[in-house]
Amino acid sequence: MKIHQLDGYIAFAAVARTRNFTAAAAQLGVSPQAVSQAVRALESRLQLRLLNRTTRSVSLNEAGERFMARVGPALGELLDAADAIGELRDTPSGLLRINLSRVAFAAVIQPRLASFRARYPDVRLEFGFDDGFVDIVEQGYDAGIRLGEAIAKDMVSVPLSREERIALVATPVYLAQHGTPRSIADLTQHTCIRFRMPSSGALYRWELLEGGREITLDAPATLTVNDTGAMLALALDGLGLGYVLASAAQPHLAAGRLLEVMPEATPRFPGFHLYYPSRRQPPAKLRCFLEVWRG
């Protein structure tokens with residue numbers, strides 16, 4: 001194999017993971033045209049088409065699926081090797097891609113982001129916001145951040161925050177107009193702002209406590225969103241009851257913009273955890289990230 005024959009492999013893998021030339025180009029820091037040309041050159045050398053392209057979508061054909069199954073792990077090994085040799089440098093560097101929810105970003109990342117940038121200026125950070133669950137390996141992320149209970153068992157999981165709890169919140173005006181719920185049964189008479197899971201499309205049932213027992217509430221879906229930030233915003237607009245993380249609601253509770261109801265009925269969860277594939281040693285840039293956020 002001649003060295004030029006390796007051209008296009010990384011571009012192809014990026015397109016295969018994102019199913020999008022523009023997104024792949026953004027990951028690689030080049031133009032979509034450059035990615036397209038690299039992939040076409042690879043297909044020409046292989047004398048096989050690897051992708052099905054339309055004006056609106058990109059997908060892998062059978063040859064592409066087989067090729068990615070072999071190329072993906074091999075590229076992972078190459079990148080691991082580059083990370084390992086890069087650790088000989090005095091300062092960690094490179095792109096660190098992390099998938100997380102917006103609420104996790106606000107609660108965990110923002111407070112220490114400036115400190116990280118000051119300590120490790122050569123590490124480029126990219127945060128991908130997603131309230132659903134994605135395959136971080138398939139999507140090309142180095143790590144993800146989610147509540148501890150939601151992380152797959154085959155991942156290495158590192159706690160970043162203390163225990164979190166849910167808060168049922170509404171504006172003073174909403175409660176004055178509709179009354180303050182005192183029991184789980186009362187909640188069915190209110191506008192409960194529901195959350196639809198982006199990954200599965202299922203409505204998230206409210207997990208609540210009553211007499212020490214766990215109860216799930218499937219309230220009427222008068223208002224439904226698939227973004228936790230939108231749920232909090234709708235609650236702040238006085239349009240219903242929000243089921244949100246207490247840490248996200250705290251500034252609004254402190255300012256009196258929101259009131260919490262039935263705190264005894266809301267559960268607690270393991271805090272936010274950073275997770276990454278167990279088959280890989282974390283690169284230096286990820287270890288530095290953990291040093292800052294666990295410190």
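In summary, Arg66 and Glu62 engage in a salt bridge, as defined by a charged side-chain N under 4.0 Å from a carboxylate O.
Looking at residues two or more places apart in sequence or on another chain, you find no ring-ring contact (aromatic ring centres under 6.0 Å, His included) involving Phe21. By the ring-ring contact (aromatic ring centres under 6.0 Å, His included) test, Phe269 is found to be paired with no residue, residues two or more places apart in sequence or in another chain being considered. Evaluation of the ring-ring contact (aromatic ring centres under 6.0 Å, His included) rule for Tyr275 yields no partner, not counting sequence neighbours. Remark: Phe272 engages no residue in a ring-ring contact (aromatic ring centres under 6.0 Å, His included) (not counting sequence neighbours). Legend: residues meeting side-chain contact (heavy atoms from CB on, under 4.5 Å) with Pro181, ordered by chain and number and at least two apart, are Leu175, Asp186, Leu187, His190, Leu241, Val261, Met262. Looking at residues two or more places apart in sequence or on another chain, you find no salt bridge (charged side-chain N to carboxylate O under 4.0 Å, His left out) involving Glu214. Here Asp227 pairs with Arg102 under the salt bridge (charged side-chain N to carboxylate O under 4.0 Å, His left out) rule; sequence neighbours left out.
Note that the CG atom of Leu50 and the OG atom of Ser59 stand 11.5 Å from one another [nearest 0.5 Å].
When each of Val123, Val158, Leu274 is tested with Phe289 by the rule side chain to side chain contact (heavy atoms under 4.5 Å, CB included), just one qualifies, namely Leu274. Results of the side chain to side chain contact (heavy atoms under 4.5 Å, CB included) test with Met231 over Thr224, Leu223, Val225 single out Val225 as the only residue that passes.
In this structure a side-chain-to-backbone donor-acceptor pair under 3.5 Å is missing from Ser57 to Thr54. With hydrogens and angles ignored, the 3.5 Å screen pairs no side-chain donor or acceptor of Ser44 with any backbone N or O of Arg40.
Taking every heavy atom of both residues into account, Leu232 and Ala248 meet most closely at CD2-O, 3.8 Å. Nearest heavy-atom pair, Ala23 versus Thr18, reported as atom, atom and distance to 0.1 Å: CB-CB, 3.9 Å.
Sorted by first and then second residue, the pairs that involve residues 191-203 and meet salt bridge (charged side-chain N to carboxylate O under 4.0 Å, His left out), not counting sequence neighbours, are Arg194-Asp218. Among residue pairs with one or both ends in residues 234-249, those qualifying as side-chain hydrogen bond (donor to acceptor under 3.5 Å, both in side chains) are Glu164-Ser247; sequence neighbours excluded. For residues 249-267, the pairs satisfying salt bridge (charged side-chain N to carboxylate O under 4.0 Å, His left out) are Arg165-Glu260, with sequence neighbours left out. Residue pairs that meet the ring-ring contact (aromatic ring centres under 6.0 Å, His included) test with at least one member in residues 207-242, sequence neighbours left out, do not exist here. Within the structure, every pair that satisfies the ring-ring contact (aromatic ring centres under 6.0 Å, His included) test and touches residues 51-71, not counting sequence neighbours, is listed here: Tyr9-Phe67, Phe12-Phe67.
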